[in-house]
Amino acid sequence: MLFQKKIDPSCAYCRRGKQIGEDTVLCQKKGVVSPEGFCSRFRYDPLKRVPPRPVSPDFSRLKEEDFQL
């Protein structure tokens, strides 16, 4: 869920961080850090967080009989 109360901190979606590359974040407090890191000044910004893609359903197990009325 995007707006959870209990969220694991990460510099990738901190209000004080700005993504400057695939694997670097520019933090106002710590400078250049990795996206997985965090510090005590972490403030969650839900608009920066990209939720994981939903799992696509597996239709290979269905048979023609499953669609009969």
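- Side-chain atoms of Lys48 come within 3.5 Å of backbone atoms of Cys14 as a donor-acceptor pair (strictly under, hydrogens ignored).
- The minimum heavy-atom distance linking Glu36 with Ser10 is given by the pair CA-OG, 4.1 Å.
- Side chain of Arg41 to main chain of Lys29: no donor-acceptor pair is present (N/O by atom type, distance under 3.5 Å, no hydrogens or angles).
- The CG atom of Asp8 sits 9.0 Å away from atom CZ of Phe42, with the distance rounded to the nearest 0.5 Å.
- Counting all heavy atoms, side chain and backbone alike, Pro35 lies closest to Val25 at CA-CG2, 3.8 Å.
- There is a path of hydrophobic side-chain contacts, each under 4.5 Å, that joins Phe67 to Phe59.
- For the atom pair CD (Gln19) and CG (Leu26), the distance works out to 10.5 Å, reported to the nearest 0.5 Å.
- Annotation: the span from Phe38 atom CZ to Tyr44 atom OH amounts to 15.5 Å, rounded to 0.5 Å.
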